Amino acid sequence: MIFTYEFATLEWLWDGGSIRVNLPGDQERMFSGGYNEVVSILSDLGGQGWDVATCAAGGNWLFWTLRRQR
């Protein structure tokens, strides 16, 4: 069985409260907020079938790569 995935990203600059989500099809969404908003966004994306594939962090920055099966 061959699986095909699509990918998205979520970036959070926590000291500035800037959240950016990039989805397939050139969809970009901007949010502001902190921990509660990040949890809410990740929960919403999870409800759409997205899973966290990786996370990177540095300084004031967190970056998640998300994937879902097509």
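Not measured: the values here are computed from a predicted model. We're numbering straight along the sequence, starting at 1.
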Under 3.5 Å, side chain of S40 to main-chain N/O of N36, donor-acceptor pair present? no

Residue pairs involving residues 31-55 (criterion salt bridge (charged side-chain N to carboxylate O under 4.0 Å, His left out); sequence neighbours excluded): none

Other than I2, what residues sit in its cluster of Ile, Leu, Val, Met, Phe, Trp and Tyr side chains whose heavy atoms are under 4.5 Å apart, directly or through others? none

Tell me every residue that passes ring-ring contact (aromatic ring centres under 6.0 Å, His included) with F7, counting only those two or more places apart in sequence or in another chain. none

Members sharing W12's hydrophobic cluster, built from side-chain contacts under 4.5 Å between Ile, Leu, Val, Met, Phe, Trp and Tyr, are L10, W14, I19, V21, L23, F31, Y35, V38, I41, L42, L45, W50, V52, L62, W64, L66

Can R29 and R20 be said to form a side chain to side chain contact (heavy atoms under 4.5 Å, CB included), step by step? CA-CA 6 Å; R29 299 179 189 156; R20 180 175 65 185; over 6 Å; no

So, using side-chain hydrogen bond (donor to acceptor under 3.5 Å, both in side chains) as the criterion, who are the partners of T54 when residues are at least two apart? T65

Please enumerate all residues that pass side-chain hydrogen bond (donor to acceptor under 3.5 Å, both in side chains) together with D15, with sequence neighbours excluded. N60

Show your working on side chain to side chain contact (heavy atoms under 4.5 Å, CB included) between Y5 and R70 and close with a plain yes or no. CA-CA 5 Å; Y5 295 97; R70 286 192 200 184; over 6 Å; no

Please collect all salt bridge (charged side-chain N to carboxylate O under 4.0 Å, His left out) contacts where either partner lies in residues 56-69, sequence neighbours excluded, each pair once. E6-R68

Test side-chain hydrogen bond (donor to acceptor under 3.5 Å, both in side chains) applied to Q69 - qualifying residues, sequence neighbours left out: none

